[in-house]
Structures are given as structure tokens and as C-alpha cells.
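A short worksheet on the structure shown next.
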2 protein chains.
Amino acid sequence: MTRATPSARAPGRPRSGVNDVVFAATLSTVQELGYARATVERIAAAAGVAKTTVYRRWPSKGALIVDCLLDAFGSVPLEASGRTELITDAIRWTAAKIGEPGVGDAFAGVFSDAVSDPALREILSARLQDPYRLALQDALGEPRERVLFLIDVVVGTLLHRMGMTGEPMADTDVTALIEMVLAHFADRAGPA
Amino acid sequence: MTRATPSARAPGRPRSGVNDVVFAATLSTVQELGYARATVERIAAAAGVAKTTVYRRWPSKGALIVDCLLDAFGSVPLEASGRTELITDAIRWTAAKIGEPGVGDAFAGVFSDAVSDPALREILSARLQDPYRLALQDALGEPRERVLFLIDVVVGTLLHRMGMTGEPMADTDVTALIEMVLAHFADRAGPA
């Protein structure tokens with residue numbers, strides 16, 4: 001999965017520990033104050049860096065949150081050989097990531113801002129969703145529209161549960177989600 | 001479906017057109033400015049009423065948004081006699097409501113705030129979700145956990161699509177959602 005890293009926007013700047021420190025401060029600040037009150041100013045203060053340091057790397061809070069989420073999620077596991085295992089692994093992995101401290105809050109927050117912010121939507125879609133979409137299209141041999149639907153179902157369901165209960169979805173429900181999705185995607189040929 | 005109306009908190013006050021005016025102003029302000037920037041002050045200004053008039057009826061922005069959504073959604077249609085028709089109608093109705101101007105934005109916004117706001121979560125869950133959950137439990141003869149899962153899947157999927165694209169889900173995908181949900185819920189006895 002290729003993606004532009006923040007350092008690509010600041011050539012020559014070593015991708016030092018600053019990103020890691022800012023990402024950790026972002027998640028802890030969002031977890032503590034909620035997405036709306038976690039301003040770039042407060043995140044910079046929690047990271048112990050100047051606000052300008054943050055803005056030099058990320059032009060907006062939305063861009064920072066998206067890179068922070070990319071860093072927190074990393075690559076989707078696609079080692080399994082069968083379609084059933086691939087989908088199962090991907091859903092369990094998504095559920096676990098969204099359950100990590102601050103990640104669900106940051107995800108739900110940036111997401112909700114995006115509903116009324118076309119520029120943020122473009123960042124979310126192109127930088128965060130597209131790499132996973134393309135990896136899943138390849139691994140599953142499914143067309144774009146089916147994978148977009150899969151992502152809507154899995155991520156949407158997990159975030160909705162998080163919003164309503166403040167807690168990650170319990171294992172039994174994640175299992176139900178996996179069964180439902182597998183049944184729906186079973187009516188197509190698998191990858192090889 | 002019973003629910004406390006704002007007027008229950010202000011006995012003697014006629015449930016005049018003020019609520020309708022404030023609800024309309026809430027949706028248009030959220031649609032125009034986005035959830036985060038649609039403050040109670042701006043909503044009151046758009047409605048042409050004093051901020052205190054709004055706060056006398058709704059103690060917080062979250063409470064206002066939830067009542068506004070209750071008003072926009074109204075009752076879930078449960079006239080159909082069969083399980084398949086009931087689920088199909090409920091999903092199409094949810095998709096249409098979330099697609100109305102301002103409703104998806106308001107829903108996604110209050111939802112994301114709730115992730116880090118336990119009091120708002122309680123309002124969302126008790127005032128907005130529970131009436132629909134109970135009506136669906138009755139109509140479908142399904143236990144609480146299964147209906148909560150159904151709501152997570154349907155509302156979560158529709159809101160995720162809205163957040164990523166800024167547009168309601170297209171009909172073909174709503175149809176896929178209905179098929180997926182129907183298959184998952186088909187392994188139980190229907191109502192009567």
C-alpha cells in the first residue's frame with residue numbers, strides 16, 4: 001500500500017520522532033477532551049511542540065487526524081489465502097483498531113466533520129479510504145463498488161456502536177457482523 | 001411510540017410553532033455551516049428567536065439536535081405484515097430520512113460528539129434510539145441485542161456513506177443493504 005507521508009511535504013526534514021509524539025498527543029487529547037475540543041493548539045501543547053511545528057506538517061486538523069489514523073491503523077492484514085479468512089481477518093482487525101484508545105473518537109469525529117466539509121471528505125476518501133479499498137479490491141477480486149459497500153458496512157457498524165455505547169463492539173456482535181458480511185459476499189467467485 | 005416532548009419540561013407553555021421554527025433553523029444551519037459551527041446562538045439567530053428561548057426548551061445543543069432528529073424522523077413505518085416487508089420498509093425509510101437536507105449532517109454530528117460525551121450518549125440512546133428499538137423489537141419479535149445490531153448496521157452504513165461521499169446512498173446500494181440484512185435475519189422465526 002503506497003501513501004504520501006507527511007515528510008513528503010517537507011523534503012529534507014527527517015521523519016523524526018516528532019510525528020510519533022504528535023500522533024500520540026492527538027489520540028490522548030481527543031480521548032480526553034473529545035474531537036471537537038481537541039484543537040491543534042491543545043494537541044501541540046500536549047505534544048510539547050509549537051503550534052507552528054504542527055501546522056508546518058499538517059495544514060489542518062483534519063489532515064493531522066487522517067495521518068494519525070493512518071499511522072494507528074497501519075496496513076490491513078491480507079496474508080490469509082482464502083476469501084473467508086481474508087474478510088474475517090479484516091473485520092476483526094478493524095474492530096480491534098477502532099477500539100484502541102482515542103482511535104474511535106478521532107475516526108468518528110473527522111468523519112462527522114467531513115459530512116459538511118468537501119475538502120476534508122476528499123482527504124478522508126483519497127488518503128485514508130483509498131489505500132485500504134485498493135488493497136481489498138486486489139485481495140478479494142471484487143469491484144470498487146462492492147468494496148466501498150463492504151467498508152461502509154464494517155466501519156459504519158463499528159463506529160455506530162461506539163457512538164451509541166462509548167465502547168467497542170463486543171466479540172459476539174463482531175462475529176455476527178462477520179457472518180452477515182461473509183454470507184453477502186459468498187455469492188461471488190473468490191480470489192483464485 | 002411514546003416520548004417526552006420538550007413541552008413536557010415547560011408545563012403550561014403551548015407547543016406553539018416555535019419548535020417547528022427552531023427545528024427548521026437547526027437543520028438549515030447545520031447544513032450550511034456544518035455541525036460543529038452550528039452553535040445554539042447561530043441556530044437561534046436563524047430562527048429569529050432569543051438564545052434564551054432555545055435554552056429554556058433544550059438545555060444543550062445535543063438535546064436540541066436529538067429532538068430535531070426525532071421530529072424529522074417521526075415514526076418508523078411498521079404497517080407491513082411480513083418480516084421481509086417490515087425490514088425493507090424500515091431500511092428504505094431510514095435511507096430516505098438520512099438523505100433529507102441537514103438530517104444526515106445533524107445525525108453524524110451529534111453521534112460523533114457522543115463518542116466522548118457520556119451524557120449526550122445517554123440522551124441519544126434513551127430518547128432517539130430506544131423508541132425505534134422497542135417498536136422494532138415488537139414488530140419483528142427479535143430480542144434487544146439483535147435489534148441493536150440491526151440499527152448499528154443500517155444507520156452506521158448509511159451515515160458512513162454520507163460521511164465519505166457527502167451524498168445519500170444510491171438506491172442500488174440500499175437494495176444491497178436490504179438483501180444483506182434480510183439474509184442475516186432470515187434464520188429466525190418471523191412475527192406470527
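Basis for what follows: all heavy atoms, side chains included, without hydrogens, waters or symmetry-related copies.
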One option among Ala176(B), Gly109(B), Ala114(B) has the most heavy-atom pairs under 4.5 Å with chain A, and it is Ala176(B)
Counting heavy-atom pairs under 4.5 angstrom with chain B, the leader among Thr157(A), Asp152(A), Val30(A) is Asp152(A)
If one checks every heavy atom of Leu158(A) against chain B at 4.5 Å, the contacting part turns out to be neither
Worksheet item: Under 30°, 30 to 60°, or over 60°: which ring-plane class applies to Phe23(B) and Trp58(B), parallel, tilted or perpendicular?
Response: tilted
Exercise. Would you say the side-chain atoms of Lys97(A) pair up with the backbone N or O of Val103(A), donor to acceptor, closer than 3.5 Å?
Worked result: no
TODO: Kindly indicate whether a cation-pi arrangement holds for Lys61(A) with Tyr35(A), taking the cut-offs as under 6.0 Å to the six-membered ring centre and within 45° of the axis.
DONE: yes
Applying a strict 4.5 Å limit to non-hydrogen atoms, the region of Thr172(A) in contact with chain B is neither
Residue from Met164(B), Met169(B), Glu145(B), Glu32(B) scoring the most non-hydrogen pairs under 4.5 Å with chain A is Met164(B)
Of Leu148(A), Thr165(A), Leu120(A), Val154(A), the largest count of non-hydrogen pairs under 4.5 angstrom with chain B goes to Thr165(A)
Worksheet item: Looking at Phe185(A), does the NZ or CZ of Arg146(A) lie under 6.0 angstrom from its six-membered ring centre and within 45 degrees of the ring axis?
Response: yes
The interface call for Asp117(A) against chain B, heavy-atom contacts under 4.5 Å, is neither
Notebook entry, point to check: Parallel, tilted or perpendicular for Trp93(A) and Phe73(A), by the 30°/60° rule?
Noted result: perpendicular
Of the listed Ile151(B), Asp173(B), Val153(B), the one with the largest count of heavy-atom pairs under 4.5 Å with chain A is Val153(B)
### Message
Main chain of Pro168(B), side chain of Arg161(B): is a donor-acceptor contact present, judged purely on distance under 3.5 Å?
### Response
no
Counting heavy-atom pairs under 4.5 Å with chain A, the top scorer among Gln129(B), Gln31(B), Met162(B), Glu122(B) is Gln129(B)
One option among His160(B), Arg37(B), Glu179(B) has the most heavy-atom pairs under 4.5 Å with chain A, and it is His160(B)
Report the relative orientation of the aromatic rings in Phe149(B) and His184(B); use parallel for angles under 30°, tilted for 30 to 60°, perpendicular for over 60°.
-> tilted
Inset, instruction - Decide whether Arg92(B) and Thr175(B) meet the rule of one side-chain donor and one side-chain acceptor closer than 3.5 Å. - result: yes
When the 4.5 angstrom heavy-atom criterion is applied to Ala36(A) and chain B, the contacting part is side chain
